[in-house]
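Taking it in order: structure first as structure tokens, then the write-up.
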Amino acid sequence: MIDLRLLRENRGDVERKLKKRKEDINLENILKLDDERRRLIKEVELLRRERKLISKGPEAREKGKELKFRIQEIEKNLKDVEEKLKRELLNIPNIPSDYVPDEMKIVKVEGEIKEYDFKVLPHWEIGKILNIFDFERASKISGPRFPLLKGYGVRMEIALLNFFLEENRKSGYKEIITPYLVKEETMFGTGQLPKFEVELYKCERDNLYLIPTAEVTLGNLLRNEILEEDELPIKIQSFSPCFRREAGSYGKETKGLIRNHQFHKVELFKFTKPEESDEKFLSLVEDAEKLLKKLELPYRVVELPADELAFSSGRTFDLEVWMPGEKRWLEVSSCSNCYDFQARRTNTRLRRKDGKIEFVHTINGSGLALGRTMAAILENYQNEDGTVRVPEVLKKYMDCDIIKREG
RNA sequence: GGAGGGGUGGCCGAGCGGACGAAGGCGGCGGUCUUGAAAACCGCUGUGCCGUUUCCACGGCACCGGGGGUUCGAAUCCCUCCCCCUCCGCCA
């Protein structure tokens, strides 16, 4: 949620930055509602004060009655205005930070893109040869675009999970496992609601939503809490399945493990002091990069322009791994600094040593998406005979160094 | 799923229609005393919003799980939702 006071006092600046998102955003109405709100507050507070003053005297009964009706009427209007204002405010995306480039910027390219002297295959074909996926049966059970792994596929998934958790722990992230079904208000907290309802799976009976990322649960973890200054930064990681409806994306980029309704991910998350978030954001990106480096996968880091930022993000770096079988870059991590945007929605604050209270900043990033990373390994480590070498760092987790077809 | 019992300030806990932002205790902060510390004693001790102000601050209103209602007036009465606990049933 953007800061109303900031908007009131620096309207031009806010408007200019939001415009870069190329969305239709109406601030006029918000400011009008805010004026109205403040006018009504003044009015009702004056009357309440009067009521308080006479409540001890002899005129409490007759005069109080009249005041009561006047107060009730204004309260009703005020509530109405506040609801409208809140609704508008919840629909405004985060303000892009000053760092955000005008168009997608390639920050760096790392690792070596290998030359292959045979015909390289995309990962879904490799998986078919190795018999480690079964999308047909997944589809029979659940419908299209659900994953089903077997044998070495499962082993690599679990190996990656263990590798990620261990490396991230070394980088200082405490591991936690959260619920995967959450209340509506939780989805509001991190910004999935109200605007992106169609992207979410919902359990109607219980009014619960399946999380599309652990960012949701981690971001809400400290909701309505005030942290002490020296508790920060808080660094956590969480493994979770992610459920996404992917509405409207059928027919594109949907082969194999790439854009499924369900996948596993390890999420990195930080709560920081405002003055530290830029620096802690960059170090989170580095932490995610470390994983790709150790897996020896070629990747690049791109910084997204304003019109590609997610709703809650003020600044985003994507990590994209090279897919030789498809000759393209594939996003395996998206890291965002949300600044105080989510903290306002979740009311997560910090108390300074001098007693002052402020909103914290939140930073999230994948570290990493498991399915896509596996896809990248299959393509980058494939051999001509259809087997796949196991990356050095995964050998101890997989307890083997090559993946062959199994019956 | 069924039957009960609860949610009050950082924590414990009283209040059950007006004098209550809320007794008392603990913790925390400041002070007195002390060579220092402890003890003892004294004072202070939340959050949000609206406004005033150059800062330090100050004034007002609201907040006793959330929302609604009754009443001139609600922490206190009523409704509803959420959360926690106990017992029974079911269950990985």
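Bear in mind the structure is a predicted one, so any value in this text is a computation, not a measurement. A, B, ... follow the sequence lines: proteins, then strands. Residue 1 opens every chain.
Among the nucleotides B:C61, B:U71, B:G46, the one closest to the side chain of A:Arg351 is B:G46. Closest to the side chain of A:Gln72, from the set B:U70, B:G68, B:C61, is B:U70. If you check B:G73, B:U70, B:C50 against the side chain of A:Arg51, the one that comes closest is B:G73. Relative to the side chain of A:Ile357, the nucleotides B:G68, B:C49, B:U47 differ in distance, and B:U47 lies closest. Comparing atom distances between the A:Lys65 side chain and each of B:C61, B:G51, B:C72 picks out B:C72 as nearest. Proximity note for A:Arg37 (side chain, C-beta onward) versus B:U70, B:C61, B:C50: the nearest is B:C50.
A:Phe317 has its ring centre less than 6.0 Å from the ring centre of A:Phe281.
Base-pair partner of B:C20: not found among the strands shown (Watson-Crick or G-U wobble, both distances under 3.5 Å). Of all nucleotides present, only B:C88 satisfies the Watson-Crick or G-U wobble test against B:G1, with each distance under 3.5 Å. Of all nucleotides present, only B:U47 satisfies the Watson-Crick or G-U wobble test against B:A62, with each distance under 3.5 Å. Across all strands shown, B:G30 pairs with B:C42; the Watson-Crick or G-U wobble distances both stay below 3.5 Å. The partner of B:C77, taking Watson-Crick or G-U wobble pairs whose two distances both stay under 3.5 Å, is B:G69. B:A57 is paired with B:U52 under the Watson-Crick or G-U wobble criterion, all donor-acceptor distances under 3.5 Å.
In the model, A:Asp287 has a side-chain atom that pairs as donor or acceptor with a side-chain atom of A:Tyr173 under 3.5 Å.
The interatomic distance linking A:Lys52 (NZ) with B:A74 (P) rounds to 11 Å, in whole Å. A straight line from CD1 of A:Ile71 to C1' of B:A74 spans 14 Å, rounded to a whole angstrom. Protein atom CD of A:Glu82 is 11 Å distant from nucleotide atom P of B:G67, rounded to whole Å. Taking atom CD1 of residue A:Ile54 and atom P of nucleotide B:G18, one finds them 18 Å apart after rounding to whole Å. If you take NZ of A:Lys68 and C1' of B:G69, they are 10 Å apart, rounded to a whole angstrom. Rounded to a whole Å, the NZ atom of A:Lys183 is 14 Å from the P atom of B:G66. Summarising the geometry, the separation between CD on A:Glu75 and C1' on B:C50 is reported as 15 Å, rounded to the nearest angstrom. Distance, A:Arg349 CZ to B:G46 C1': 11 Å, rounded to whole Å.
Contact check for A:Leu121 versus A:Ile129: side-chain heavy atoms found under the 4.5 Å cut-off.
Nucleotides B:C16 and B:G7 place their P atoms 14 Å apart, quoted to the nearest Å. To the nearest whole angstrom, the two P atoms, one in B:C79 and one in B:G4, are 14 Å apart. B:U47 and B:U34 have their P atoms separated by 36 Å, given to the nearest Å. Comparing B:A75 with B:U8, their P atoms are spaced 16 Å from each other, to the whole Å. Rounded to the nearest Å, the gap between the C1' atom of B:C33 and that of B:C42 is 11 Å. Spacing of P atoms, B:C78 relative to B:G17, comes out at 11 Å, to the nearest Å. Spacing between B:G6 and B:C64 at atom C1', rounded to whole Å, works out to 15 Å. Straight-line distance between the P atoms of B:C77 and B:C58: roughly 36 Å, to the nearest whole Å.
Taking side-chain N and O atoms only, A:Lys42 has no distance below 4.0 Å to OP1 or OP2 of B:C50. In terms of phosphate contacts, A:Arg49 brings a side-chain nitrogen or oxygen within less than 4.0 Å of OP1 or OP2 of B:C61.
Ion pair A:Lys17/A:Asp13 flagged as a salt bridge, since at least one NZ, NE, NH1 or NH2 atom sits closer than 4.0 Å to an Asp/Glu carboxylate oxygen. Between A:Glu166 and A:Lys396 a salt bridge is recorded (basic side-chain N to carboxylate O distance below 4.0 Å). Between A:Lys294 and A:Glu167 there is a salt bridge, since a side-chain N of the basic residue sits under 4.0 Å from a carboxylate O of the acidic one.
Among the protein residues, A:Lys76 comes within range of no part of the nucleic acid, since none of its heavy atoms lies under 4.0 Å from any strand. Contact annotation for A:Arg344: no contact, since no heavy-atom pair falls under 4.0 Å across all strands.
With sequence neighbours left out, the salt bridge (charged side-chain N to carboxylate O under 4.0 Å, His left out) criterion links A:Arg344 to A:Asp3, A:Asp340. With sequence neighbours excluded, no residue forms a salt bridge (charged side-chain N to carboxylate O under 4.0 Å, His left out) with A:Asp385.
Remark: nothing in residues 219-232 of chain A comes within less than 4.0 Å of RNA chain B through any heavy atom.
Of the options A:Leu165, A:Asn168, A:Leu268, A:Thr178, a side chain to side chain contact (heavy atoms under 4.5 Å, CB included) to A:Ser238 is made by A:Thr178 and by none of the others.
Between A:Arg5 and A:Glu185, the one whose closest nucleotide on RNA chain B sits nearer the 5' end is A:Arg5. RNA chain B is contacted by both A:Val44 and A:Lys356; A:Lys356 maps to the nucleotide lying nearer its 5′ end (nearest heavy atom per residue).
Residues A:Tyr381 and A:Leu295 come closest through the heavy atom pair OH-O, 2.6 Å.
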